[in-house]
Colleague: 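If you scroll down you'll find the structure; I have some questions about it.
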There are 2 protein chains.
Amino acid sequence: METTKTARTRNRRGEGGRLRDEIVAAAVALLDESDDERAVTLRSVARRAGIAAPSIYAHFPDQPAIMLAVVRSGFAELEQTLRAAADSTADPVPRLLAVCRAYLDFARERPQRYRTIFGGLWKPAADASVTDDDLRGLGDGALGLLAAALADCVAVGASTCDDPGSDAVALWLGLHGLAHQRAVTRAFPGPPGIDDRMIAALARLATVIHVAPRNAGSSSD
Amino acid sequence: METTKTARTRNRRGEGGRLRDEIVAAAVALLDESDDERAVTLRSVARRAGIAAPSIYAHFPDQPAIMLAVVRSGFAELEQTLRAAADSTADPVPRLLAVCRAYLDFARERPQRYRTIFGGLWKPAADASVTDDDLRGLGDGALGLLAAALADCVAVGASTCDDPGSDAVALWLGLHGLAHQRAVTRAFPGPPGIDDRMIAALARLATVIHVAPRNAGSSSD
DNA sequence: GTGTTAGTTAACGACTGTTAGCTTAAGCCG
DNA sequence: CGGCTTAAGCTAACAGTCGTTAACTAACAC
């Protein structure tokens, strides 16, 4: 599977650091296609990147450090995806909906990566280079986007939240539960329309939603 | 740490199967105290149970099979806990609340086990004895309890669910998101009162809750 | 004693993260 | 052009772990 010996041309003099990105990309690729985080070992990443295992140590102090980089890149990608969704509309309710759906889509399209990012496995084993501090506040950007979108809905009276801060967290937790369950069991669709039902309930949206009802509900209005 | 050589007395003639439970118990103990699922290896379980590694093969065909047993026992314990909570009251709303809180407590008191049970890691690697079928419908008992409690709330008019089946799943997913996040980051309390807020929103409870408000909200009603 | 059950020891092949030390080639300078 | 330096990456090897198999031993029941 990984026996493609493409004889990687080595980097130019000043650009050795370029390999760092290739290593992370290899780890991400490995993670995405193996649905088992344990498949992402230092050596398998090296094989995938077409380099020798010890070459990794020039760019990462540890094996957990590779995972941390993967997680960081995952969060960055998520945040960027959500931002794009938020920028697609100015209308508060469709916007909140777009952000939420983008979140769920992100998780559905990269189940393993989602699980790894939010799964917290990959031990910070005390002797590892990854400290507990490296993990703090990793999802804050994404949560902030969600909170802002929800606040806008409250501002125009589309949401009856009396505590938007708490409800933004609650909304995220709900999305996370749904996304994680789908990422774990793969093909757990849930009842049809569950996505929008949860979003509407947690965001306390007053009006009924029919903005591109992906998983069409049964409301024959 | 596991060097306690208590010189396990071996089982009597017909009771060899008793070791099976000890193995599962050892795996559970190991899981609970190590916050890393990968620490539960066939050999570490054997060490913990005070037996030689190959002795496990008399009771489990595989290493994944041990994990499956752990997961099964976890679900059984969860279901039993929820059932006890459900039996504590007859009043629908406090009952639903009790079940939900019991769920969250279960997860909070056994974060690693919760993560393992619902985390879906521990690969069913095609050549393993654990088939995809062994995993299907594992949490159905717990979900059923939740659905029944919610349905009772709907019946007495305390919940405005128009689709109790979907909303039971939604409620569970919300609880799962909250429970999982706490299990992952360990000491993510969330905003105060978030538990009851989520429950109330997802269960579409009409009346405000102040039944033993554990994480007292700020409502100065 | 004899057979069976409950367990053992020894060993295999494969994999892991990590270290030490070597090779290759790019780029500068004369 | 040729030589030197140094960055980029390699090979070999370590100590340890893993899951699993084969073959052996010890105790109980008859």
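Everything quoted here is computed from the prediction, not taken from an experiment. The sequence lines fix the lettering, A, B, ..., with proteins before strands; numbering per chain opens at 1.
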Colleague: Under 4.0 Å between a Lys/Arg side-chain N and an Asp/Glu carboxylate O for Asp87(A) and Arg95(A)?
Modeller: no
Colleague: Could you give the CZ-to-C1' distance, from Arg47(A) to dC15(C), as a whole number of Å?
Modeller: 9 Å
Colleague: Quickly work out the Asp36(A) CG to dT16(C) P distance and round it to whole Å.
Modeller: 12 Å
Colleague: Identify each atom pair where a protein N or O and an N or O of nucleotides 23-30 of chain D are less than 3.5 Å apart, giving names and distance.
Modeller:
| from | atom 1 | to | atom 2 | distance (Å) |
| --- | --- | --- | --- | --- |
| dA26(D) | N3 | Arg10(B) | NH2 | 3.2 |
| dA27(D) | O4' | Arg10(B) | NH2 | 3.4 |
| dC28(D) | O2 | Arg13(B) | NE | 3.3 |
| dC28(D) | O2 | Arg13(B) | NH1 | 3.3 |
| dA29(D) | O4' | Arg13(B) | NH1 | 3.4 |

Colleague: Of all the choices, dG7(C), dC18(D), dC10(D), which nucleotide is nearest to the side chain of Ser55(B) once you look at every atom?
Modeller: dG7(C)
Colleague: How close do Met67(A) and Val40(A) get, counting heavy atoms only, and between which atoms?
Modeller: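 Smallest heavy-atom distance, with atoms named: SD-CG1, 3.8 Å.
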Colleague: So which heavy atom on Ala27(B) is nearest to which on Ile66(B), and how close?
Modeller: CB-CG2, 4.0 Å
Colleague: Output the single nucleotide from dT8(C), dT20(D), dC10(D) whose closest atom is nearest the side chain of Pro54(A).
Modeller: dC10(D)
Colleague: Check the distance between dA8(D)'s P and Glu22(A)'s CD and give it to me in whole angstrom.
Modeller: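 Going from Glu22(A) (CD) to dA8(D) (P), I get 13 Å.
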Colleague: Does Thr41(A) place a side-chain N or O at less than 4.0 Å from the phosphate oxygens OP1/OP2 of dC15(C)?
Modeller: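 The answer is no; no side-chain N or O of Thr41(A) sits under 4.0 Å from OP1 or OP2.
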Colleague: Please confirm whether the ring centroid of Phe118(A) lies under 6.0 Å from the ring centroid of His180(A).
Modeller: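 Ring centroids of Phe118(A) and His180(A) are no less than 6.0 Å from each other.
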Colleague: Considering just the side-chain nitrogens and oxygens of Arg8(B), establish if one lies under 4.0 Å of OP1 or OP2 belonging to dT8(C).
Modeller: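 The answer is no; no side-chain N or O of Arg8(B) sits under 4.0 Å from OP1 or OP2.
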Colleague: Taking CG from Leu42(A) and P from dC10(D), how many angstroms apart are they, rounded to a whole number?
Modeller: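 Taking atom P of dC10(D) as the reference, CG of Leu42(A) is at 13 Å.
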Colleague: Tell me: CG of Asp62(A) to P of dT16(C), nearest whole Å?
Modeller: 16 Å
Colleague: Determine which pairs satisfy salt bridge (charged side-chain N to carboxylate O under 4.0 Å, His left out) with at least one residue from residues 58-74 of chain B, sequence neighbours left out, and list them in order.
Modeller: Arg72(B)-Asp134(B)
Colleague: Among dT11(D), dA11(C), dT9(C), which is the nearest nucleotide to the side chain of Arg43(B)?
Modeller: dA11(C)
Colleague: Could you work out which one of dC18(D), dT8(C), dT18(C) sits closest to the side chain of Tyr57(A)?
Modeller: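 So the nucleotide nearest the side chain must be dT18(C).
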Colleague: Between C1' on dT18(C) and CD on Gln63(A), what's the gap in Å once rounded to a whole number?
Modeller: 12 Å
Colleague: Can Arg182(B) and Asp195(B) be counted as an ion pair, charged N to O under 4.0 angstrom?
Modeller: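 Salt bridge between Arg182(B) and Asp195(B), a charged N being under 4.0 Å from a carboxylate O: yes.
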Colleague: Hey, does Ile51(A) reach any base, or is it just sugar-phosphate, or nothing, if we go heavy atoms under 4.0 Å?
Modeller: sugar-phosphate
Colleague: Please report the distance, rounded to the nearest Å, between CD1 in Ile56(A) and C1' in dC10(D).
Modeller: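 Atom CD1 in Ile56(A) sits about 13 Å away from atom C1' in dC10(D).
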Colleague: Are any of the side-chain nitrogens in Asp32(A) or Arg110(A) under 4.0 Å away from the carboxylate oxygens of its partner?
Modeller: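 Not counted as a salt bridge, because no side-chain N and carboxylate O are separated by less than 4.0 Å.
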Colleague: Ala53(A) side chain: which of dT8(C), dT18(C), dG7(C) is closest?
Modeller: dT18(C)
Colleague: What's the CD1-P distance between Ile23(A) and dA8(D), to the nearest Å?
Modeller: 12 Å
